[in-house]
Structures are given as structure tokens and as C-alpha cells.
A.B. asks: 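Mind looking over this structure? Questions follow.
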Amino acid sequence: MKKFQSIKGTKDLLPEDTILWREVEMAIHNFMQLYGYGEIRTPVFEQTELFARGIGEGTDIVSKEMYSWIDQGGTNLTLKPELTAPVVRSYIQHNLSGKSPINRLYYIDSLFRRERPQKGRLRQFHQFGIEAIGSEYPEQDAEVISMAYKIYEMFGVDELVVKINSIGSPEIRQPYLQALRESLESHSDKLCKTCQSRLGKNALRLFDCKSESCKGVLDKFAVTIDTLLTEEDKKHFQSVLKYLDAMKIPYIHDIKLVRGLDYYTRTTFEIASRKLGAQDALCGGGRYDKLVEEFGGKPTPAIGFAAGIERLFIALDIDDTNKPLPLTDVYFVALGDEAVKVAFEIAEKLRLEKGIAVTVETLQRSMKAQMREANRNNAQFAFIIGDNEIAANKIIVKTMKSGEQQEVPIDKIDELFSTEHDCNCSDC
RNA sequence: GUGACUGUAGUUCAGUUGGUUAGAGCACCUGAUUGUGGUUCAGGAUGUCGUGGGUUCGAGUCCCAUCAGUCACCCCA
């Protein structure tokens with residue numbers, strides 16, 4: 001018999017995991033609300049062309065990592081590999097610019113890229129992120145970058161490194177690439193093999209090379225982008241840095257920080273943590289002042305970031321020992337079918353009227369086995385009911401922690417919870 | 001797409017130069033306690049040794065292929 005298993009690079013989240021995921025998601029929702037950002041949810045798939053034009057045909061994402069197919073109607077569709085393009089599409093489609101000149105949006109979502117899985121990289125993975133659409137001013141950059149920083153601070157992630165750079169307007173991209181190639185042409189023999197091929201097809205990525213000898217060559221000979229920035233670009237960038245200083249956000253101005261997606265302009269940034277291994281970027285983002293126009297909207301400046309949730313978990317050092325326990329308030333130990341009937345009735349009443357989490361035995365197990373289950377479920381109380389108790393119209397209430405137990409008349413059960421009880425649940 | 005390493009019970013892992021019936025801790029189940037968990041004690045079940053082929057009298061162990069996982073490259077969150 002064939003055993004099915006989840007697709008390579010995808011993960012099941014079991015109850016022990018989802019408790020934590022929900023906590024993290026709730027924290028993100030609360031955080032975003034504090035900054036006045038509204039949640040946006042877009043469909044899991046879009047027209048392939050949206051990503052091809054938004055992210056860029058030449059990028060690895062579009063050229064080899066997308067899950068794309070032709071549907072029965074002949075439309076070319078793609079599971080979303082990132083969210084800026086869908087959000088911008090939605091922004092234009094629903095005319096959000098007409099409702100307000102500034103739209104602050106955030107999302108928590110699943111993304112799909114067909115890459116070889118490794119630490120901090122999956123084929124279905126999760127990101128949260130924000131898109132602030134409408135402001136060209138540096139204070140918007142500062143707001144977005146500070147939010148990325150503050151949310152990691154809130155989660156208690158340490159060893160944060162914020163890298164920031166300006167890559168200028170799209171107009172200087174081509175001249176810069178040309179200048180970069182020219183500056184390195186005569187030294188290309190000193191570069192590693194991958195860098196030699198990068199020089200031709202993806203020159204900006206040269207700066208990511210980890211080889212010491214390549215770094216040396218680059219430091220010595222490579223033209224950096226700041227030499228081509230316009231006065232306005234420079235002024236904008238300096239203002240962003242000034243705001244960050246004022247907010248006491250530490251950063252490194254990394255003139256080698258470039259981002260892979262075509263739509264970025266001016267400010268780009270990245271937050272990394274040493275905890276993560278080779279894929280050390282927790283989040284990345286930047287300005288994309290031309291994308292709305294590119295998609296047929298009015299010229300509208302924007303900036304955002306995207307943050308990997310799985311990578312956040314790695315940075316948080318979550319393991320089995322600090323995972324929260326599954327919780328219930330009451331485990332109903334029921335002996336015999338009459339007892340089960342009564343237990344169901346009482347359980348339902350407590351759930352509805354008192355908001356108490358009650359689990360009723362459904363395996364007809366021995367009392368010993370049921371008690372063990374109560375313990376495993378981390379129940380605060382075991383309610384024990386059998387023929388004797390039914391005859392006396394009582395149930396036995398055992399406090400698991402102390403081991404004490406008392407008989408309580410069935411019609412007085414809800415009084416146990418009449419005042420604020422010492423609830424087990426994670427919400428209170 | 002490329003490379004390295006790893007696949008043995010639910011889980012974490014032992015398993016000698018190839019040798020009979022493949023083990024341990026934890027978890028699970030039963031009992032000690034006829035209706036009382038978490039501690040203790042006694043016992044119990046559990047495996048197509050990832051899969052397929054090959055070498056051999058004999059393969060968990062050696063060889064080949066394949067699949068899966070992990071990490072790294074490329075690239076990205």
C-alpha cells in the first residue's frame with residue numbers, strides 16, 4: 001500500500017505547533033493595528049503575467065521557481081511567489097488611491113517557490129509584510145523600516161543587524177550596471193566562476209559573494225552605486241537615516257546591499273540574524289516607486305517589506321521544550337453509557353454558559369486509563385461519573401494538581417466556576 | 001538545477017571484521033490498586049532495518065540504482 005506524504009518542502013503544522021503559530025499571528029495583527037495598518041488578503045493564485053512583469057522576467061523566481069499551470073480555460077496561472085505584485089494589483093483594481101492618498105496595508109500569507117529546501121527555506125512558506133502605498137517622502141521609509149525593526153524587538157529576537165542602502169532611481173540602473181561591468185572587466189580572471197557568470201547576467205549579485213578573494217577584488221575595483229545617485233536620491237537617503245537615528249534604530253549603511261527583484265528603487269533594506277545559518281535574512285524590503293505605474297495605475301510611490309515567518313521561528317529558538325502544552329479545563333471521566341449521556345449534557349452546559357473547555361471520554365476506557373488521559377490533557381479538574389454517582393445525583397470533582405476530591409450535586413456543578421476560575425486557557 | 005551527509009520501533013538512537021530469533025531510553029498499553037492520574041514496581045506490544053536490484057552459503061551491515069530527509073551552492077523571506 002502506497003503511503004502518502006507531504007510534498008517536498010511543505011510542512012504540516014500539528015496542534016502542538018499551531019498554538020504557537022496562532023500566538024505569533026495574533027501578535028502580528030495587534031502590532032499592525034497599533035501602527036494603523038489594515039489587513040489585506042489576496043487570492044493564492046494570480047495570472048502568471050502579473051509576476052513576470054512585476055518581479056522581472058530575468059529573476060530566478062520567475063524564470064525557474066514558480067508553480068505555474070494552464071487551467072482548463074487556457075489561462076496561465078501561478079501560485080503566488082511573493083506579495084507585493086498581488087497587493088499592488090489589488091490596490092489598483094479597487095481604486096484604493098481614490099479612497100485615500102495613502103494606504104497602509106499588511107498581510108500574513110503562504111507563498112510558493114520551487115526551490116531546493118534547506119534551513120529557513122521551504123517550497124510553501126509564510127510571510128508577513130507591509131506595503132505603504134502613496135508617500136514618496138523619507139518619513140515613510142523610516143516608518144516602514146522602524147516597524148520591521150520594532151516587531152523583531154517585540155518578539156525578543158536578538159543579534160539583529162539592519163542593513164540599508166539606496167539603489168537610486170530606475171534610470172541609473174542600466175548606466176550603473178554598465179559602469180560596474182567596465183570597472184571589473186579587466187579583473188574578471190581573479191573572480192570565482194559564479195562571479196564571472198554573474199558579471200554577465202546578474203551583476204548586482206556580485207556583492208553577495210562569500211569568497212574572500214572576490215570580496216577583495218570588489219572592494220578594490222568595483223564601482224559602487226552611490227557614485228551615480230542623483231542629488232535628490234542622496235538627499236532622500238540622508239533624511240531616512242536621520243529619522244532612523246532619531247528613533248534610535250541601529251543600522252549599517254551597506255553600499256553593497258542590492259535586492260534581487262526588479263521593482264526596487266531608492267531605499268532597500270534587510271534585517272538579518274546570526275541565528276539563521278546560510279539563509280540569514282529575516283526580512284527584506286524597499287521602495288518600489290514605479291510599480292503601480294507599471295501595472296497601469298497612476299504614478300504612485302510605495303515602500304514595503306516582507307518577512308519570513310519560518311525564519312522568525314528559527315531566530316526565536318523554538319524547540320520541543322518551550323512549546324506550549326495543549327490545554328483543557330475539565331476531563332470528564334465517564335463510566336458506562338448512562339454516565340456518558342449525563343456527561344455530555346453537563347459538558348455542553350459548562351461550555352455554553354461558563355466558557356469552560358470540557359473533554360468527554362469517548363473510548364470506553366478503564367477509569368485508570370481515563371485518569372491518565374486527563375493528566376495528559378493537562379486538565380485542571382477530572383469530573384468522575386459512574387452508576388453510583390448517577391444514583392446519588394452527584395459527580396466527583398477531582399482537582400488534578402492537589403489530588404483532592406469532593407462530591408458535588410449535579411445541579412451545583414456550575415457553581416464551581418461561578419467566580420473567575422483559575423483558567424488554563426491561553427487567552428486569559 | 002549542483003554537491004555533501006543521513007535513512008533501523010510512535011520518537012531519539014545503538015547494532016562489532018557480513019553470521020542464528022534486530023536492541024535500549026523515552027512514549028504507549030496492562031497489572032500491582034475489582035472505580036482514581038502525575039511518582040514507584042512488575043510485565044507487554046511495536047519494525048516490510050526507506051524502496052528495488054546485485055554480491056554472498058548467509059546482508060541492517062558490502063555494491064548499484066531510486067526515493068526521502070538534512071545542510072550547503074545558486075537565489076531568496
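In what follows, every chain begins at residue 1, and chains take the letters A, B, ... in the order their sequences are listed.
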A.B. asks: What residues in residues 403-412 of chain A put a non-hydrogen atom under 4.0 Å from any atom of RNA chain B?
C.D. replies: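 Under 4.0 Å from RNA chain B: A:G403, A:Q405.
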A.B. asks: Taking the same atom, P, in B:A4 and in B:C76, what whole-Å distance lies between them?
C.D. replies: 25 Å
A.B. asks: If you check the A:K398 side chain, which of B:C75, B:G35, B:G37 turns out closest?
C.D. replies: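 Side chain of A:K398 sits closest to B:G37.
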A.B. asks: Is the gap between the ring centers of A:F31 and A:F128 under 6.0 Å?
C.D. replies: no
A.B. asks: Base, sugar-phosphate, or nothing: which does A:L111 touch, judged by heavy atoms less than 4.0 Å apart?
C.D. replies: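 Contact class for A:L111: none.
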A.B. asks: Using a 4.0 Å heavy-atom cut-off, does A:E310 contact any base of the nucleic acid, only the sugar-phosphate backbone, or nothing at all?
C.D. replies: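 Here A:E310 touches no strand at all.
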A.B. asks: With the side chain of A:S366 defined as its heavy atoms from C-beta on, choose the nearest nucleotide among B:G69, B:C74, B:U30.
C.D. replies: B:U30
A.B. asks: Between the main-chain N or O of A:P301 and the side-chain N or O of A:D289, is there a donor-acceptor pair closer than 3.5 Å?
C.D. replies: no
A.B. asks: When all nucleic acid strands are considered with a 4.0 Å heavy-atom cut-off, which category describes A:N375: base, sugar-phosphate, or nothing?
C.D. replies: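 Base, at least one base atom sits under 4.0 Å.
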A.B. asks: Backbone N or O of A:Q140 within a donor-acceptor pair of the A:Y243 side chain at under 3.5 Å?
C.D. replies: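 Not confirmed, A:Y243 side chain does not pair with A:Q140 backbone.
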A.B. asks: Using atom CD of A:E361 as one end and atom C1' of B:U36 as the other, report the distance to the nearest whole Å.
C.D. replies: 13 Å
A.B. asks: Go through residues 118-129 of chain A and report each residue with a non-hydrogen atom lying under 4.0 Å from RNA chain B, sorted by number.
C.D. replies: A:Q118, A:K119, A:G120, A:R121, A:L122, A:F125, A:Q127
A.B. asks: So which protein N/O to nucleotides 27-29 of chain B N/O distances come out below 3.5 Å?
C.D. replies:
residue: B:C28; atom: OP1; partner: A:R376; partner atom: NH1; Å: 2.7
residue: B:C29; atom: OP1; partner: A:R376; partner atom: NH2; Å: 3.3
residue: B:C29; atom: OP2; partner: A:R372; partner atom: NE; Å: 3.2

A.B. asks: Nearest 0.5 angstrom please: A:F305 CZ to A:I271 CD1, how far?
C.D. replies: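 It is 7.5 Å, given to the nearest 0.5 Å.
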A.B. asks: Could you check whether A:A374 gets within reach of a base, just the sugar-phosphate, or nothing at all, counting any heavy atom under 4.0 Å?
C.D. replies: nothing
A.B. asks: Can you check nucleotides 4-6 of chain B for protein contacts, nitrogen or oxygen pairs under 3.5 Å, and list what you find?
C.D. replies:
none

A.B. asks: Between the base of B:U36 and the side chain of A:K368, is there any donor-acceptor pair under 3.5 Å?
C.D. replies: no
A.B. asks: Does a side-chain N or O from A:K64 land closer than 4.0 Å to OP1 or OP2 of B:G1, or not?
C.D. replies: no
A.B. asks: Strictly below 4.0 Å, N to O, side chains only: are A:E338 and A:K341 in salt-bridge contact?
C.D. replies: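 Yes, charged N to carboxylate O under 4.0 Å.
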A.B. asks: Taking the same atom, C1', in B:C5 and in B:A42, what whole-Å distance lies between them?
C.D. replies: 43 Å
A.B. asks: Let me confirm one number: the OG-CG distance from A:S169 to A:L229, rounded to the nearest 0.5 Å.
C.D. replies: 8.0 Å
A.B. asks: Using the C1' atom in both, what is the distance from B:G53 to B:G19, to the nearest Å?
C.D. replies: 23 Å
A.B. asks: Does A:R113 reach the main-chain N or O of A:P81 with its side chain, forming a donor-acceptor pair under 3.5 Å?
C.D. replies: yes
A.B. asks: Ignoring the backbone of A:Q5, work out which of B:G35, B:C75, B:A68 is nearest its side chain.
C.D. replies: B:A68
A.B. asks: What nucleic acid atoms does A:I384 come within less than 4.0 Å of, heavy atoms only: base, sugar-phosphate, or nothing?
C.D. replies: base
A.B. asks: With sequence neighbours excluded, tell me which residues meet side-chain hydrogen bond (donor to acceptor under 3.5 Å, both in side chains) with A:D219.
C.D. replies: A:K256
A.B. asks: Taking only residues at least two apart or on different chains, which pairs with a member in residues 37-54 of chain A satisfy salt bridge (charged side-chain N to carboxylate O under 4.0 Å, His left out)?
C.D. replies: A:E39-A:R41, A:E46-A:R89, A:E49-A:R53
A.B. asks: Given A:Y106, which partner from the list A:E131, A:Q33, A:H29 fulfils the side-chain hydrogen bond (donor to acceptor under 3.5 Å, both in side chains) test?
C.D. replies: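 Between A:Y106 and the candidates, side-chain hydrogen bond (donor to acceptor under 3.5 Å, both in side chains) is satisfied uniquely by A:H29.
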A.B. asks: Is there a side-chain contact between A:E23 and A:M26 (heavy atoms, below 4.5 Å)?
C.D. replies: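 Contact flag for A:E23/A:M26 side chains = no.
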A.B. asks: Please confirm whether the backbone N or O of A:H126 pairs with a side-chain atom of A:E310, one donor and one acceptor, at under 3.5 Å?
C.D. replies: yes
A.B. asks: First locate atom OH of A:Y251, then atom CG of A:L241, and finally report the distance between them rounded to the nearest 0.5 Å.
C.D. replies: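 So the gap between those two atoms works out to 4.0 Å.
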A.B. asks: From CG of A:L276 over to P of B:C71, roughly how many Å is that when rounded to an integer?
C.D. replies: 11 Å
A.B. asks: Specify the separation, in whole Å, of atom CZ of A:R114 and atom C1' of B:A77.
C.D. replies: 19 Å
A.B. asks: Within this structure, what is the CD1-to-P distance between A:I55 and B:A77, rounded to whole angstrom?
C.D. replies: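 My rounded result for the distance is 9 Å.
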A.B. asks: Round to the nearest Å and state the distance from A:N388 atom CG to B:G35 atom P.
C.D. replies: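 Answer to the nearest Å: 10 Å.
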A.B. asks: How many Å lie between CE on A:M371 and C1' on B:G35, as a whole number?
C.D. replies: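 Atom CE in A:M371 sits about 10 Å away from atom C1' in B:G35.
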A.B. asks: Can you tell me the distance, in whole Å, between the CG atom of A:L335 and the C1' atom of B:U36?
C.D. replies: 10 Å
A.B. asks: Could you check how far CZ of A:F332 sits from P of B:G37, rounded to whole Å?
C.D. replies: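 Spelled out: CZ on A:F332 to P on B:G37 is 19 Å.
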A.B. asks: How far does the C1' atom of B:G15 sit from the matching atom of B:G7, given to the nearest Å?
C.D. replies: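 Approximately 15 Å lies between the C1' atom of B:G15 and that of B:G7.
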A.B. asks: Counting only N and O atoms by type, is there a donor-acceptor contact under 3.5 Å from the side chain of A:N30 to the main-chain atoms of A:A27?
C.D. replies: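 Not at all, since once roles are kept as given, no pair shorter than 3.5 Å links the two residues.
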A.B. asks: Is a salt bridge present between A:R266 and A:D141, judged by a nitrogen-to-oxygen distance below 4.0 Å?
C.D. replies: no
A.B. asks: Can you find a pair of side-chain heavy atoms, one from A:H253 and one from A:N165, that are under 4.5 Å apart?
C.D. replies: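 Touching, per the 4.5 Å side-chain cut-off.
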